[in-house]
2 protein chains.
Amino acid sequence: MANKKEIPYKIYLEEKELPTSWYNMRADMKTKPAPLIHPGTLQPLKFEDMQPIFCDELIKQELNNDDQFIPIPKEIMDFYRMYRPSPLIHAEFLEKALDTPAKIYYKFEGNNTSGSHKLNSAIAQAYYAKKQGLKGVTTETGAGQWGTALSMACAFFGLDCKVYMVKVSYEQKPFRREVMRTYGASVTPSPSMETAIGRKINEEHPGTTGSLGCAISEAVEVATSTPGYRYELGSVLNQVLLHQSVIGMETKAACDKYGIVPDIIIGCAGGGSNLGGLISPFMGEKLRGEADYRIIAVEPASCPSFTRGKFVYDFCDTGKVCPMAKMYTLGHDFIPSANHAGGLRYHGMSPVLSQLYHDGYMEAVSVEQTSVFAAAQLFARTEGILPAPESSHAIRVAIDEALKCKDKGEEKTIIFGLTGTGYFDMTAYQKYNDGEMSDYIPSDEDLEKGFASIPKVDL
Amino acid sequence: MANKKEIPYKIYLEEKELPTSWYNMRADMKTKPAPLIHPGTLQPLKFEDMQPIFCDELIKQELNNDDQFIPIPKEIMDFYRMYRPSPLIHAEFLEKALDTPAKIYYKFEGNNTSGSHKLNSAIAQAYYAKKQGLKGVTTETGAGQWGTALSMACAFFGLDCKVYMVKVSYEQKPFRREVMRTYGASVTPSPSMETAIGRKINEEHPGTTGSLGCAISEAVEVATSTPGYRYELGSVLNQVLLHQSVIGMETKAACDKYGIVPDIIIGCAGGGSNLGGLISPFMGEKLRGEADYRIIAVEPASCPSFTRGKFVYDFCDTGKVCPMAKMYTLGHDFIPSANHAGGLRYHGMSPVLSQLYHDGYMEAVSVEQTSVFAAAQLFARTEGILPAPESSHAIRVAIDEALKCKDKGEEKTIIFGLTGTGYFDMTAYQKYNDGEMSDYIPSDEDLEKGFASIPKVDL
């Protein structure tokens, strides 16, 4: 670690200081995450089982529990240079507003057109598809962050990109859709009449506005039935956490450069891609017994996978076309209450993070959305950046921890992940601005309904 | 100038390298810009004439034709540090796509929540209002960039901010409106029933969807009739160009650090705030005879103030409540065709830039909007950033100049200003994506109608 230098408000690493490898947490985990299993055979998925769906190199990364570091190919580094390094920002204006002795830093991933960290994995996945000589890729998107990121990545490599967008979002959120189209992607409202599963769903549920589960099913069907195409996914998978480790690697490099040692690291958790990336090198030190950090996952009270879910095998998607993963889950049929505006609505959680949480390496808290938007507003007004609702979950807990420091007179160092901006989430902000946002905590009975969908798996 | 170092893809100055003064081009102009005049008396406006409308310190800056440098107050520097320095980016991916020997750089001002360079002046104007002990400020906004910037600045200093937003935008662009409200601004659709002029207009034109001219009139009425309030404006004025010089000062510092010497500097021009800021130190050298640069203003063919306007005294606003300025103007009644989607719809132009253009220090070209959006799309796909339609005018001409270099085999260095992002402009992109955008060049007869509104001023 370097000697303590004067810390600038925003730390931008120089290009030569950027990480050149991704860090694979699994290599340092004593208990590895449980493998994905085939829902029919209940056997761990092998390379060949995944080949019809994913690119070869990405399958290797998915299955790689051994290599600590995986070099980032030059073509991906070139793209990373377009928007990376992202800054590590000292939240001095927020500290002042809170009047806290705590030091707060945030790693801001929103300064790119996709508006979030999703681009870190999208460009990697597009690259490996291109390298394999594929023609294109398919994916699903809900609100559109992942679809936008993948569209940008595909435009860069000249790959075709077919996005199945949940119909209600396609119609109500035309702006994200147009960003994807500007990057050359075809965007189809799901369920469509282009796929067998889409036609079936439209027939069975006339007028349906779609769901993420259904969009995944369509994207996977098209990928597996169209020569030269594969399916790509923006969270949950091990490969995604690997790519997202670039967030944590940069954060760690910036900390080491300026002698910043975090006491607490906080990230929001939906499928776990940002949190897993942010914490990775810190968690690595913890796993190897070299250092200790409090690591806190923050999730919405209305979708509490970690804090109230079960650590069992479940389907990764509502449509049950994907394999099963051992993870904290609310059941694949669980859908957050309709009043939920704050993102992070996935029923499950990254198997890597699930194992780490199960083994006591991290904590989890759930927060209610009105308190999340209150934190978002304070943050916007003090630090200038309008945060995504997802990111604001982490802000909420960073503020809470900083206020605890104030009570106790402790000068702790807090780092949190600011995953993105909220420019396409103004409908949720409007609800909050109008005082029309409410909270919802599912009852035990509500959760039991979701749990009932979890398959009985006897391994 | 430093020796040539290896130039990074993105140049971020260090905090200690940031400019600490604004540069006032007027000090170096042999022919000063003509003063604002009172429409009744036709006399140059004096300090006292402007006091009911503007903050005292801002009036001093407006009238200051002498001081070359004006120190940036510490409180403004603190805020600048939140989102500045903005990067000077080497457009190597665009160069590659164009296969040009030209070197293209762009100064990107969009990485802040207001989404544009407008924040540079908003924070200065809010600061001086606060310093004068005012309670709040009023302004108007069309699409919402300036209103957003001023809202952010007022939130930072705890000032009240009343924004009059053109009714059609208020209703059709609710997202920007909600960003402003999140920053605590009150946003009123204009014409409203809160002001005398608003009530009058609503009475005379029932169901009107408003205009910028009308919103200005309401904002000025409220500022001048409410104790402790003043009016603030985001472009055209001398003070705004002064604040925006921070763009050019950073650009120049980055160029000097890495031995970059531009041959051509390109900026889009609506009211002139970005262009005036970007070019200022370069223009200063040119005015002092120390260096020469080609400086190109780019405007929409459908609103061609520089290229087809007249250099005369005209009202700054459609509603004729503001003073008159000597500038290139299409007449204050000129309104661009309804099919115009690309911003930069102001009928006039900064008096400073008008004088410089008149005196031959810069060129101007006009471009049609479909070619602007084609450039925007290419830029988005190669450089990753989704540009604002306004900024894309500069991209268009940068590309055109780079292609000329290709034809001639010349390795010229081009710098252009990328004023902001297009996240809130997706309706225009959709039009382009759907092939429904058309071009419109006003006929001489169309222009004559606008010219007819120019008052006869005999000074």
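- For Gln430(A), the parts lying near chain B are the backbone and the side chain together; criterion is any non-hydrogen pair under 4.5 Å.
- Highest contact tally toward chain B, considering only Met152(A), His90(A), Arg81(A), is held by Arg81(A) [criterion: heavy-atom pairs under 4.5 Å].
- Here the CD atom belonging to Glu178(A) is positioned 13.0 Å from the NZ atom belonging to Lys431(B), to the nearest 0.5 angstrom.
- Interface summary for chain A: among Asp425(B), Leu119(B), Val179(B), the most heavy-atom pairs under 4.5 angstrom belong to Val179(B).
- Only the side chain of Glu92(B) comes within less than 4.5 Å of a heavy atom in chain A; its backbone stays farther off.
- Ranking Tyr12(A), Tyr432(A), Tyr429(A) against chain B, the residue ahead of the rest is Tyr12(A), based on heavy-atom pairs under 4.5 Å.
- Taking Asn111(A), Thr382(A), Thr421(A), Ile385(A) one by one and counting their heavy-atom pairs under 4.5 Å with chain B, the maximum is reached by Asn111(A).
- In this structure, chain B has a heavy atom under 4.5 Å from the side chain of Arg177(A), while its backbone stays farther away.
- Residue Thr148(B) holds its OG1 atom at 10.0 Å from OH of Tyr423(A), rounded to the nearest 0.5 Å.
- Contact between Thr427(A) and Phe175(B) at its shortest, heavy atoms only, is OG1-CE2, 3.6 Å.
- Side-chain contact check for Thr182(A) versus Asn433(B): some heavy-atom pair is nearer than 4.5 Å.
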Practice task
For Arg181(A) and Asp434(B), run side chain to side chain contact (heavy atoms under 4.5 Å, CB included): C-alpha distance rounded to whole Å, both residues' side-chain angles, the deciding distance at 0.1 Å, then the answer.
Solution key: CA-CA 9 Å; Arg181(A) 291 182 69 209; Asp434(B) 288 339; 2.7 Å; yes
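- Interatomic distance, CZ of Arg381(B) versus SG of Cys154(A), reported as 11.5 Å (0.5 Å rounding).
- Of the atoms belonging to Met82(A), heavy atoms from both backbone and side chain fall under 4.5 Å from chain B.
- Within the 4.5 angstrom heavy-atom criterion, atoms from both the backbone and the side chain of Tyr183(B) approach chain A.
- Heavy atoms closer than 4.5 Å to chain B are found in the backbone of Asn112(A), but not in its side chain.
- A salt bridge does not link Glu6(A) with Lys16(B): every distance from a Lys NZ or Arg NE/NH1/NH2 to an Asp or Glu carboxylate oxygen is 4.0 Å or more.
- Proximity to chain A is limited to the side chain of Phe93(B), based on heavy atoms less than 4.5 angstrom apart.
- Listed for the Lys10(A) side chain is no donor-acceptor partner under 3.5 Å among the backbone atoms of Glu15(B).
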